[in-house]
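For reference, the structure discussed in these notes is given below.
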Amino acid sequence: MIFEVLTLFPEIIESYCAVSIMKRATENGVFSVNAINPRDYTLDKHKKVDDTPYGGGAGMVLAVQPYVDAYESIEKSENSITVMLSPQGQPLDENKVTELSKYDQIIMLCGHYEGFDERIREIIKPVEISIGDFVLTGGELPALCVIDAVSRKLDGTLGKIESAREDSFSDGLLEYPHYTKPRVYRGLKVPDVLLNGNHKEINEFRFNEQLKRTQKRRPDLYEKYLNSKADL
Ligand code: 4GY
């Protein structure tokens, strides 16, 4: 898998991918990340990448030429998808993440300021994805969300233990509560069932906690879960 990220701030992408699990996975060759700066492709003599909006209004609009030329400099693989990160896109969820993980190249367009000249969309025709109904200052954090979530689906990113643990969440329920030492802290005890070594009972306790938690906090997910079980 290769992630190609068009961004005016490549350092944001590179710094996140240089630590922790992203670092280990890129070092192991599970995926690679290539940040491309449209500023390196602008034909403007002052290296400008944005301009004032036609029709007036506040802020700056990302100009079409630097983005399209940067995009066209990328060597496209046969199984490639291009994604624009914006609040106007389809909401990202775990199913979409799994879908994206089947490509071998994901090209992402990150904007800043007031947004993209509409002709960038008309020429590149990206799939548009949103990470939630709120507005950020740029598309870099959403692009990193895609990289992080998709990379977790790739063989070799997570260790053996981390990937086994994921199974409990993949059925659409929230996680059960976790505890580690000490057994008592400020009078708060770890539930006894977790200490008795009976794995059947422990699994039942955890599953029950998942159900309770999901019903209470995310009734929408709980409903979805019940329906998926009814289908089976
Ligand atoms: N929410 N989901 C989001 C965002 C910032 C101006 C276009 C989001 O995906 N992207 O808020 N993006 C804007 C900033 C240009 C992207």
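As the structure lists them, so they are numbered: ligands from 1, and atoms in each ligand from 1. Computed from heavy atoms alone, side chains included, the values below leave out hydrogens, waters and symmetry copies. In what follows, residues are counted from 1 in the order of the sequence shown.
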Numbered atoms of ligand 1 (with element) below 4.0 Å of [X], judged on heavy atoms:
{"X": "G138", "result": "5 (C), 12 (N)"}
{"X": "G132", "result": "1 (N)"}
{"X": "V135", "result": "11 (O)"}
{"X": "I129", "result": "9 (O)"}

Report the distance from atom CD1 of I106 to atom CD1 of I147, rounding to the nearest 0.5 Å.
8.5 Å
Considering only non-hydrogen protein atoms, determine which one is nearest to [atom] and report residue, atom name and distance to 0.1 Å.
{"atom": "atom 16 (C) of ligand 1", "value": "L85 O, 3.8 Å"}
{"atom": "atom 7 (C) of ligand 1", "value": "F116 CE1, 4.0 Å"}
{"atom": "atom 9 (O) of ligand 1", "value": "S86 N, 3.3 Å"}
{"atom": "atom 6 (C) of ligand 1", "value": "Y113 O, 3.3 Å"}
{"atom": "atom 14 (C) of ligand 1", "value": "L136 O, 3.7 Å"}
{"atom": "atom 15 (C) of ligand 1", "value": "G115 CA, 3.5 Å"}
{"atom": "atom 1 (N) of ligand 1", "value": "F134 O, 2.9 Å"}

Examine [X] against ligand 1 and note whether any of their N/O atoms are separated by less than 3.5 Å.
{"X": "G139", "answer": "no"}
{"X": "P142", "answer": "no"}
{"X": "H112", "answer": "no"}
{"X": "I131", "answer": "yes"}

Would you say R24's side chain and T157's backbone share a donor-acceptor pair under 3.5 angstrom?
yes
Main-chain N/O of L174 paired with Q210 side-chain donor or acceptor, under 3.5 Å:
yes
Quick one: are D148 and L144 in side-chain contact, heavy atoms under 4.5 Å?
no
Should we count NZ of K48 as having more than 12 external heavy atoms under 6.0 Å?
yes
Should we count NZ of K76 as having more than 12 external heavy atoms under 6.0 Å?
yes
Decide, yes or no, whether a salt bridge links E99 with K96 under the criterion of side-chain N to carboxylate O below 4.0 Å.
no
Thinking salt bridges, do E118 and R121 make one under a 4.0 Å N-O criterion?
yes
Assign the ring pair F9 / H112 to parallel, tilted or perpendicular, where the plane angle (0 to 90°) is split at 30° and 60°.
tilted
Establish, from distance only, whether the side-chain atoms of Y225 and T214 form a donor-acceptor pair under 3.5 Å.
no
